[in-house]
Structure formats: structure tokens, C-alpha cells
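Chain A is the first sequence line, chain B the second, and so forth, proteins listed ahead of strands; every chain is numbered from 1.
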There are 2 protein chains.
Amino acid sequence: MSAIKERRERERAQRHQLIITAARELAEAEGWEAVTTRRLAERVEYSQPVLYSHFSGKDAIVRAVSIDGFGELAAHLGRARSATPEPGQALHAVCRAYLEFATERPALYQAMFVMPTDVKFAHAETPPQLRAAFDEFVSCFRPDNARRELFAEVIWSALHGVAVLSDSGRIPPDTQDERLDFLIARLADTPS
Amino acid sequence: MSAIKERRERERAQRHQLIITAARELAEAEGWEAVTTRRLAERVEYSQPVLYSHFSGKDAIVRAVSIDGFGELAAHLGRARSATPEPGQALHAVCRAYLEFATERPALYQAMFVMPTDVKFAHAETPPQLRAAFDEFVSCFRPDNARRELFAEVIWSALHGVAVLSDSGRIPPDTQDERLDFLIARLADTPS
DNA sequence: GTAGGATGCCTAGCACCGCTAGGATGTCGA
DNA sequence: TCGACATCCTAGCGGTGCTAGGCATCCTAC
């Protein structure tokens, strides 16, 4: 009956999410190079081909993980912004929260912003979670600022550069705070 | 005799460089995922194990390509800086030249700044080519500026963020100039 | 209650990857 | 000329992402 079908779809949806979280946990524990379809299948206690009945391939699994990440990032930035009453300080707080997110969840961050993807920032098919995260930056500027989207984009990019060079060990992480202070002082101080 | 040995070493050095340039050409033509040891060996017309008599592994080949790239980047930035007589405009020119380099040689840029590496920016074992490139940024600030190294590091990071997000298609490349202008206006205007 | 059909899942295998062991081949010096 | 050495290739290892094909289970319809 339909009840049976519903139960099956429910179980299937659960397994779908199980694969995503297992992939994320494995990546956060051992890095994305350790996330192979075999190890992932073993972890969810199914055979390899089951993964392909849920996702078109490994890329699609990474993409699903990243979309979960966008949601969490949006929430994280949102908390930082709303916890800062003074509007002039909001962008400071959001920037700090962003780098915090990147350094504390490096594998998740990699899936979101480093690994090959077809996700776009500003596009009709942009996942709403990503748009929400972006809007946390945009909201830090006055609504009558015609270039607030551009500002947000550049600040995001700059933070990304700092985050990713630090994560890959190319710049020393111990002076990260100084870089952030300088960046904020230069970019975030209430523009036109 | 020693002449024979010399000839052999010369040939060996040529083959060493041949491998590096072949890897780079293949990467620039089809991306790094197309650079496999088999295809590379076929391209240099030797068998696979020959690669391993020159390099400890594929990573080492990528590293060699990236060090060549650092040299070219330093030269490219140096030309931009010395072609700009007015000191206040030097940083503008160097920033533009940097993004130019990144967008015109995306595969090379990836090897230098995105792919996993053990190369550090500011470190005792930093390749001199990389140090030279970094110094092109540093030289744009007055020598009595105590924080010029930090400034250079942050500007580099911000440019890297813009370059890499644009290259991976996450931000649209057609508004790159606007981003650069904003970034330069904010970061490059003669600081303290 | 049972036959028939659809569905779900696993075993086995494909072509490819980075890397290496071991042997054939060719070159050099005594 | 012959032994020692260096050079280089064939073949193969264990891994990768992904898929074809068959088996078993479950639901449906008679």
C-alpha cells in the first residue's frame, strides 16, 4: 500500500542523509583524500553501488556536504551579526565569524569553496543556503549603498584568500589575527 | 672518460627539464587531472619509471613546475612595477599584473597556490623565486613602514581569494575589474 | 495462498591511478 | 674481450571511481 511506499521513501531519505553525514565525518576526521567510495560504503554498511542509487557520483556527494555547510555557515554568521548590536561593528563580527568557521571546519570549508564545483555565488540556481550566507555580509552595509553586493563579494573573496592560504600552510597561521585586523580596518570601515 | 659522464649529465638535466615542461604543457592544455604519470611518460617518450629516477613522485613534479612558475611570476610583477615610474601607482600595477598572471595561466597558478604543497611563503626554505615575487609587493611600500610585510601578505591573500574564486567559477569573471578597483582603492592607497 | 513481476542490493569486474620490483640491454673501463 | 655497471623497460601491485548482471526479497493480483 501507500503506507509501505511511504516507509520506504522515509528509510531511503534517512539513508541519503546518512551517506552525507558519513562522508562529512570521514572528511573532517581524515581529510577528503580519505573519502573513497569503498570506505564510505563500508561506513554506512552498504555496498558501493548503493551510493550511486542516491548520488550520480562522488562529486554529487561532496556537493551535498557543501550545501549542508552553506546552511551552517549562514547560521553561524547570522548569530555573529545579531549578537552585535552596534551596526558599525557588525561587519567586523561577521568577518571574524567567517574565519572562525573556516579554521574550525577545514574539510567542510574545502568542500564548499575549494573543491571543484558547479555552485555559483550569484546566480539563479544558487542554493538558498549559500545566498543566505552571502546576505549576512550584504546586510552589514546600508541598504541605500548601491555597491553593497560588490563590497560583500570582495570582502568575502579576501577572507577566503586569507583562510585558504593559511589552511594550506602557505602563510603562518599564528599571525592570522593581525591580518584579519588589517583587512577589516581597510575594507570594513563604513564606506560611501 | 669524464667527457662522457658530462655528456650524460647534460642529457639527464635536459630530460629533467623536459619532464617539467611537458607536465606544465599538459596541465595548461587539459588541466592537472589529465596529468597522469602514464600520459606524462608517453609525452616525454620514456617509460613511467624514468620519471621516478628524476623525481620522488608526482608531487615533486608539480612542485618543480610551481617553482618555475614562481620565477615567472616574479619577473612578471617586476616588469609591471618597473614600468610604473610613479611610486604611488606601483602597487596598483603589481596587483593588476598579479591577477593577469593568475587568469592567463590558471593551471600554473593552481600548482603554485592551490595544490597541496610544502612550500611556505615566509620561511627559511622558501624558494628564492617565491621570495622575489613576494618582495615585489613589499617593495611597493616605503622601507620605513614597519608593517610592510604584513601589508604585502594581506594584499597577496586578498588577490589570491579573488583569483581563485573567479577561476573556480564561484564568482563571475566579468566583474573582476570592479572587484580589483575596489580592492586596490581600499588596500593599496598609501597607508601609514 | 500462490504465481508473477518489480524492486533493492550485492558480487565481480572494468579501466584507470601512482608507484615499484626485477630482468634485459647496452656501455664503459681494465 | 670480458666483467661490472648503469640505464631503461616490462609487468605487476594495491588502490581509485564506477557499472553490469544476477540473485533474493517483497508487493501485488489473481
Side-chain angles (χ1 to χ4, degrees), chain A residues 1-20 22-24 26-27 29-66 107 110-111 115-118, chain B residues 1-20 22-24 26-27 29-66 107 110-111 115-118:
Chain A
M1 294 309 289
S2 98
I4 289 171
K5 210 167 191 173
E6 277 176 23
R7 189 209 68 213
R8 288 204 165 167
E9 283 179 8
R10 210 168 48 233
E11 288 172 350
R12 195 177 160 76
Q14 282 177 0
R15 196 173 59 181
H16 188 91
Q17 192 57 43
L18 177 64
I19 293 170
I20 298 174
R24 174 179 169 168
L26 196 49
E30 306 181 40
W32 280 106
E33 73 281 355
V35 182
T36 71
T37 56
R38 273 169 244 269
R39 287 200 62 186
L40 187 53
E42 187 189 23
R43 196 159 172 130
V44 298
E45 295 179 312
Y46 281 94
S47 72
Q48 247 181 316
V50 169
L51 304 178
Y52 294 88
S53 76
H54 286 271
F55 300 94
S56 64
K58 195 186 166 182
D59 289 355
I61 297 176
V62 175
R63 192 179 197 277
V65 170
S66 80
Q110 282 238 339
M115 296 173 78
T117 186
D118 50 357
Chain B
M1 294 305 291
S2 99
I4 289 171
K5 211 166 191 176
E6 276 177 22
R7 191 208 67 213
R8 288 202 167 167
E9 282 178 9
R10 210 169 46 234
E11 288 173 348
R12 194 175 162 77
Q14 281 177 359
R15 197 173 59 181
H16 188 92
Q17 192 57 42
L18 177 63
I19 293 170
I20 297 175
R24 173 179 171 168
L26 196 50
E30 305 181 40
W32 279 106
E33 71 281 356
V35 182
T36 71
T37 56
R38 274 169 244 268
R39 286 199 62 186
L40 187 52
E42 187 189 22
R43 197 161 172 128
V44 298
E45 295 178 313
Y46 282 94
S47 71
Q48 247 180 316
V50 169
L51 304 179
Y52 293 88
S53 76
H54 286 271
F55 301 93
S56 64
K58 195 186 167 184
D59 289 354
I61 298 176
V62 176
R63 192 179 199 276
V65 171
S66 81
Q110 281 238 339
M115 296 173 78
T117 185
D118 50 356

Rounded interatomic separation in angstrom, taking CZ from Arg39(B) and P from dC17(C): 9 Å

Euclidean distance, atom CD of residue Glu42(A) to atom P of dG15(D) [Å, nearest integer]: 12 Å

So which protein nitrogen or oxygen atoms get under 3.5 Å of nucleotides 24-26 of chain C's nitrogens or oxygens?
none

Step-by-step side-chain contact (heavy atoms from CB on, under 4.5 Å) determination, Arg15(B) to Val50(B): CA-CA 10 Å; Arg15(B) 197 173 59 181; Val50(B) 169; 3.6 Å; yes

Nearest atoms (heavy-atom pairs only) where Gly57(B) meets Tyr52(B): CA-CE2, 3.9 Å

For Arg24(B), side-chain hydrogen bond (donor to acceptor under 3.5 Å, both in side chains) partners two or more places apart: Glu28(B), Glu72(B)

Rounded distance (Å) that lies between atom P of dT27(C) and atom CD of Glu11(B): 12 Å

Atom pair distance, as rounded to whole Å: NE2 in His16(A) and P in dG8(C): 15 Å

Spacing between Ile19(A) atom CD1 and dC18(D) atom P, to the nearest angstrom: 13 Å

Atom pair distance, as rounded to whole Å: OH in Tyr52(A) and P in dG21(D): 18 Å

Arg63(B) side chain reached by Met115(B) side chain, heavy atoms, under 4.5 Å: no

Separation of atom NZ in Lys58(A) from atom C1' in dT16(D), rounded to whole Å: 8 Å

Smallest separation among heavy atoms of Ser47(B) and Ala41(B), with atom names: C-CB, 3.8 Å

More than 12 heavy atoms from other groups under 6.0 Å of CD on Glu42(B): no

Dump the pairs, protein N or O against N or O of nucleotides 9-12 of chain C, anything under 3.5 Å, distances to one decimal.
from, atom 1, to, atom 2, distance (Å)
dC9(C), OP1, Arg15(A), NH1, 3.0
dC9(C), OP2, Arg15(A), NH1, 3.1
dC9(C), OP2, Arg15(A), NH2, 2.9
dC10(C), OP2, Ser47(A), N, 3.0
dC10(C), OP2, Ser47(A), OG, 2.6

Below 4.0 Å: OP1/OP2 of dC18(D) and any side-chain N or O of Thr37(A): no

Between C1' of dG17(D) and CE of Met115(A), the distance in whole Å: 13 Å

Inter-residue atom distance Tyr46(A).OH - Ile19(A).CD1, 0.5 Å rounding: 9.0 Å

